[in-house]
Structure formats: structure tokens, C-alpha cells
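Only one structure is covered here, and it is reproduced in the block below.
Predicted model only: the values in this text are computed from it and were never measured. Heads up: numbering here begins at 1 and tracks the sequence. For the numbers below, each heavy atom of this structure counts, side chains included, while hydrogens, waters and symmetry mates do not.
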Amino acid sequence: MRVPRIPWRRLGAASLRVGAVWLAGTFTMLVLAGVLPDFRLQSAEGDSATVIGITAAVGAGVFGLLSALVWPLLVRAFLLVPALVLGLLVFFLNGSLLWLALSLIPYGRGSADPSMAVVVAAAMSAASSATNALLAVRDDRGYRHRLARIAGRRRRREGQGTPPRTPGTVFLQLDGLGHAVLREALEAPPGGEPLMPAVAALYGRTHRLTRWRTDWSSQTGASQLGILHGSNADVPAFRWYEKETGEVVVSNRPTSAAELQRRAVERTGDPGLLAQDGASRGNLFTGGARQVALVLSISARRGKETRSRAGYFAYFSDPANATRTAISFVAEVLREMVQSTRALLRRERPRVGRGGLYPFVRAFATVIERDVVVAAVLGDMLRCRTAVYADLVGYDEVAHHSGPRGRDTRQVLRRLDRSVRLIAKVAEHAPRPYRLVLLSDHGQSFGETFEHAYGLTLEDLIRAGSGLQVPRRAGRTASGSEARAAARAALRRPEESGQEAPRTPRRDTGPVVLASGNLGLVSFPEHPGRLTRERIQELRPALLPTLAEHPGIGFVVVLSAEHGPVALGAGGCEHRLETGEVVGLRDPLAPFGAGARQALLRTARFPHAPDIMVNSALDPATGAVHAFEEQIGSHGGLGGEQSDAFLLSPLELSPPVEPGRSLVGAEAVHRVLRRWLAESAQPHLLPGADQLAAASEGPGPVSGAAGPPGAQEPLPAAPGG
């Protein structure tokens, strides 16, 4: 009989790590007892330094033991509460554990005011986390063993056997990051490193970069629905009005997202990209996955499927995560206040309002949602999920208010790069091999808002062209924000009112005017069905000329009874989309590129296309557009970089498209991702060596982006980033 060998070295390292964390907690407790008035470690009569030190050591040890044994049970019990409430509740639970630990000290010398216990517990958790992180960075082998143990324990608990040998795939969406901005972030300045070194290392060594062009509706709702569910038909914009129901459909409203997902599944007959052992994290739609966290389309439902155990539980089960995230959240709110004040004092132009709740929405997107989504992805890899699709929305949210290339957005890109590095490193040590695919759903176009440039809103212009009274203070379309909607869903708040909510407009209020970036949609609710150009000219003869001739309008799309969909421009010019015929001296679509006609034609044929679609003007020299909502970095229409998204894929997979061809539309991206999942599940479908060599040609590594082939970075220590 073979006697099992005791891993003394491993046990010794673990003991040293526990001892170091214990000492850090003890030291933190001693320091706090010396500076905080309502926290003490001695009796009222006073004690010797030895007794105080023993009291601190015992208190730190009991607190650590309770955190390890009781904390996961408490968090699991509270999983049904809203996500942000759970994040706040963490501090009170943590303080309660410290108060209990002090009461369990045998000779009863420790005490703390309840509110002070929360502060002390948070500080001790942060100190323990920092110590653990430092030791983990120094011990790569120990980190790998911990990952293996966690993965093995979870597999046994879930009744799984040996991890699959076929690769899993992680699709990481960097929301709103355009192809050109990414290329700039991968370039190393002379004597420096790229803005996103981890992504640059992937591109320089193992991945290829492909540009893909979005549909006319260049926004997350249309793109992500097409990518995850294979169809974004009849999604003309981020928000639109449906005459038969009197509803305003808004892509980031939970009930609307659920309905759009239902329609897509009904249209394709397929549950989605992630139906086979997949996970959806931080998205608008599930993609057919059963494992979800921060997914908007199911956030309005209640039940086991919305508990997001792999997201919230995996993250909040460690009290140090909550402490770190809370500190980062407060720091991000303060950072936004400082940055917006600096922009105001410098009189930067263009600029939009950044007050109200925006600092908190930004902090939610760039801190809380990022941390929970990244932690969920790490948990998915440890559980050997076959396909994971996760959306990090921080860059998109900040770029709306600071611009796609602002100083603020550069800081967000650096932090996103750290998240990519963490996921890539954990993927190297996961129980099954993983392939990491980075992609975006659209880009962003810079420019002054339509109202700031011309002194009136799109609704003002339409009412004036319709002969209606223009209100002194016309209501603005709320800025479309996935982060704002996700934050409301996490708090389980009611859906927003105003233009974001369903409504049945009164017939005497005039047309319904909605905005999606620099794309405007006009519907006349008093007239059923879609109005033709001829009918609009009969009802409001000055409206179409007013729009087409305005210098801030690039083109106007209407349905002609004789020629089908047409794009109208200034000077009586028009482009007939069915035939491509141009009438007049100038093609109104010429500044928007060769693919504009097909993109417009597809959307103009949608059943829920509005009576009039308005696209802002484009400055061909700068790529600037005019958003019809309060955004200086916008997307949703045509013009500039908003239509240029990217796909960064491993060289092991087949090329997204054949050489010389373009990748156009979210539905085409869905088919590519489907193909890659099939190749991973069936290795014989992978291209041969000659195909792989040809596929690797094209855009080569960015100068200075890649490090030495054998260079290794230390493993990250904690999922909070």
C-alpha cells in the first residue's frame, strides 16, 4: 500500500500566507484602536502593551475565521436582494462579524461602536486583501494551485468529471471602442508603451485584428441582438415608436429588451449563440444562456434565473472585494467631479452637462459593473463553461460625455486593459483551455450636439417645418446609456418615465420625435401605417424641404410611392435606394461611404421604420457629426467612426472573412462566432497550417506593441482589478 506523500512545502507556504494575513489584520486593528475614538482593545482601567497585542491578535483571528466560514453563507442568503443593495449591505454584515468577533474574545476587552465596527471591518478586509494580493503575485505556482483547487471543488460539487479537452471561448465586448481608437491604443509612442499593453501583446503575438462595419443603427441594442441572437431585423434605432401599440421601444429598457429578444428568437427559431453551456454577463440580451449576471432582458423577471449566483455570489463572497469596489466607486465619483470641473474651467468645447446622477452612473459602469462582470467571467472559466459573452460598458459611457479620445476615456481604457490582462492570465491556468476573442459593437463619432451647433433641437426644427408652435423649452431626449439602465435594474427601480417609457401620444401634440445619437426618427401617430413622401408633402408641404436644406442635416430617408425608399439631400438632390439612381447634381450619400446605400435600404424596409428618418450632417475632413441627444461622443446613425467596430481573434481560429472581403453587419458577426464555436467543439474543422499562415497575413503587429516572445508577467492576485 502506497502511503500518500504529504505536500510539506505547499502546507508551509499556505501557513506562511495565513500567518502574514493574520499579522496584517492584527497590525491594522492596533493602528485603528489608536486613532479611532469609539474602538478600543483594552479595559477601562488600561492594559499592558502585551495584553493589547494579544487582544488584537485574537480579534483578528476570530474575525478572519468568521469571514471564512460565515460570510459565504450570509451572502448566499441575501442573493435575492438587488445588486447594489447587496453591495451596501456587505459593509453592515462585515461590521456585524467584527462586532461578534470582539464579543467572542475570552476576556472581553475589545469593544466597538456599531458604526465604527463597519469602518474597522472594511479597513481590515482591505489590509488582508492587499497582503493576500502581494503574496499571490510573488507566488505564481501557489496561485495556479489555488485556481486548480477551486475549480476541482466546484466541479465535484456540480457533479462534473474531468474538464473538457476542447477549448472554451470567452467573447469580451469592449463597448463602443471603435477600430481606429483601438489601433491608436495599441501603438507605442517613442520610448513608451502602448495605452493598452495587454491587448497590444495579444495582437502582436497570437491574435489578428479585423474591422467590421455595423448596420445603419450603430448602437448596442441592434449590434448585440444581431451578434447574440443572429437577427436584428426590424430594429431601426436605439429607440423608436410603434404605431400599432402606441409604444416607444427603447433598447435598454428591460421590458423592451425582453420583447426584442423574444422577437429575434421567434424569427430565427434558435435560442442564441450561448445556448450550449454558455454564460451571458453584463449584456442587454441573454444569447440563450442559462447562466446570467447583469443581463437587462431578464432583469424585470424574478426567480432563480435572476439571482446571478456566478456573478454576485462569486464577487461578494469575499468581503475584501466589496471594500475594494466601494473605495474605487467613491474615487471614481470624485474623479469625475474633478474632471468635469476642469473641463468647465478650461472652457473646453464641445461639452455637455455632467452633473446630476451622472458621476454615480459613470462609477457604476467603470467600477461596479466591471468588477462583477470580470469576476463572473473568471468564475465561468473555473467552471469550464463552453462559451462566455461579457460586455464591459465603461468606455462607452465615459466617451458619450468626454469624447472618444478624451483624457478621461484614456484612463478608462487603461483600466479595461488591466481587466483583459487578468482574464487572459486566468485563462492560461483554467482547467480547460480557453480562447479569448475581443470585439466591439460599434465605434463613436465626435462632434458638437445639434442643439449647441444650431441653437434648436431636432424637435424644434420639425415642429417649425410642420407649422406647429415651438415650445420655449422643448423636452430633450434622454441620453441613451446601457450603464444607466443597468444601474436602475440593479436597484430594481421602475423604468424611466418620459420618452423612455411606453406611451400613447395624444393626436393633437404633433409628431413623435426620437433620437439615437445622430439619427432622428419622426412618426405621426394620428396616421396609421407608414406615410409616403407624397402624403407627407400633402399634409406638411414645408417639412421635408426644411429638413433636407438644413446645414446640420446630411440626408432624410422617406418612402416614395413611386420609387420606394429615397434619401433626400439639399438642392432637391435624392438617391433612390432601390436602384442606386441619383437625381440632381450631388449624391447626398457620397460623404458617408460606399456601404451607405445598402445599410439605408435594409433599415428602410423594416416594418417599424418611422415615417421619416433623419441623419445629421458629416464633416468629411474630421468625421464629426451632430448628435440629436446630449452626447459629444455619439453613435446610432451613419457618419464618422461610429460604424467601424473591431474583432480581435486568435490565429488558431479561421479568418473572419476571406481575403479582400469585408465583414458587414452584426448578423454576419454572429455567423462568424458560430463558426468559431463549432471549430472549437470539433478540432477537425480548424484550418490547416497553410490556411493559418495565409490568415495571419494582413495587418501585422503594431510597432513596439509586442514584448519579447518569452516574456512573462506576474499572475494577477485578485479579481477586483
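Between Arg435 and the choices Val170, Thr206, Leu653, Leu677, the side chain to side chain contact (heavy atoms under 4.5 Å, CB included) rule is met once, by Leu653.
Taken from OH in Tyr389 to CD in Gln173, the straight-line distance is 3.5 Å, to the nearest 0.5 Å. The OH atom of Tyr395 sits 5.5 Å away from atom OG1 of Thr409, with the distance rounded to the nearest 0.5 Å. The CZ atom of Arg370 lies 7.5 Å from the CZ atom of Arg418; values are rounded to the nearest 0.5 Å. A distance of 5.0 Å separates CG in Leu172 from CG in Leu392, rounded to the nearest 0.5 Å. Taken to the nearest 0.5 Å, the NE2 atom of His563 stands 8.5 Å off from the OG1 atom of Thr579.
With hydrogens and angles ignored, the 3.5 Å screen pairs no side-chain donor or acceptor of Asp175 with any backbone N or O of Asp391.
No side-chain heavy atom of Ser516 sits under 4.5 Å from any side-chain heavy atom of Ser217. Contact of the Asp215 side chain with the Thr603 side chain is not registered, since no non-hydrogen atoms from C-beta on lie closer than 4.5 Å. Contact check for Leu577 versus Val566: no side-chain heavy atoms found under the 4.5 Å cut-off. Between Val669 and Leu673 the shortest side-chain heavy-atom distance falls below 4.5 Å. Phe238 places none of its side-chain heavy atoms less than 4.5 Å from the side chain of Thr220.
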Worksheet item: Where do Ser634 and Glu629 land on the side chain to side chain donor-acceptor pair (under 3.5 Å) test, with the steps shown first?
Response: CA-CA 9 Å; Ser634 67; Glu629 35 186 346; over 6 Å; no
Worksheet entry | Stepwise side chain to side chain donor-acceptor pair (under 3.5 Å) test for Asp380 and Gln291 | CA-CA 9 Å; Asp380 292 328; Gln291 299 295 327; over 6 Å; no
Practice prompt. For the pair His635 and Asp441, evaluate side chain to side chain donor-acceptor pair (under 3.5 Å) and give the outcome as yes or no after the intermediate values.
Written response: CA-CA 11 Å; His635 56 89; Asp441 49 345; over 6 Å; no
Practice prompt. Could you check Thr386 against Asp277 for side chain to side chain donor-acceptor pair (under 3.5 Å), going step by step and ending with a plain yes or no?
Written response: CA-CA 6 Å; Thr386 299; Asp277 188 33; 2.9 Å; yes
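Residues that satisfy the side chain to side chain donor-acceptor pair (under 3.5 Å) test with Trp212, not counting sequence neighbours, are absent from this structure. When the salt bridge (charged side-chain N to carboxylate O under 4.0 Å, His left out) test is applied to Arg262, the partners found at least two apart in sequence or on another chain are Glu259, Glu266. Partners of Asp234 under the side chain to side chain donor-acceptor pair (under 3.5 Å) rule, at least two apart in sequence or in another chain, are His608. In terms of the side chain to side chain contact (heavy atoms under 4.5 Å, CB included) criterion, residue partners of Arg211 (sequence neighbours excluded) are, by chain and number, His179, Asp644. Scanning for salt bridge (charged side-chain N to carboxylate O under 4.0 Å, His left out) contacts around Arg597 gives an empty result, with sequence neighbours left out. Applying the side chain to side chain contact (heavy atoms under 4.5 Å, CB included) test to Glu184 and every residue at least two apart in sequence or in another chain returns Arg405.
Arg208 has no carboxylate O lying under 4.0 Å from a charged side-chain N of Glu652, or vice versa, which leaves the two without a salt bridge. Here Arg602 does not pair with Glu578 in a salt bridge; the nearest charged N to carboxylate O distance is not below 4.0 Å.
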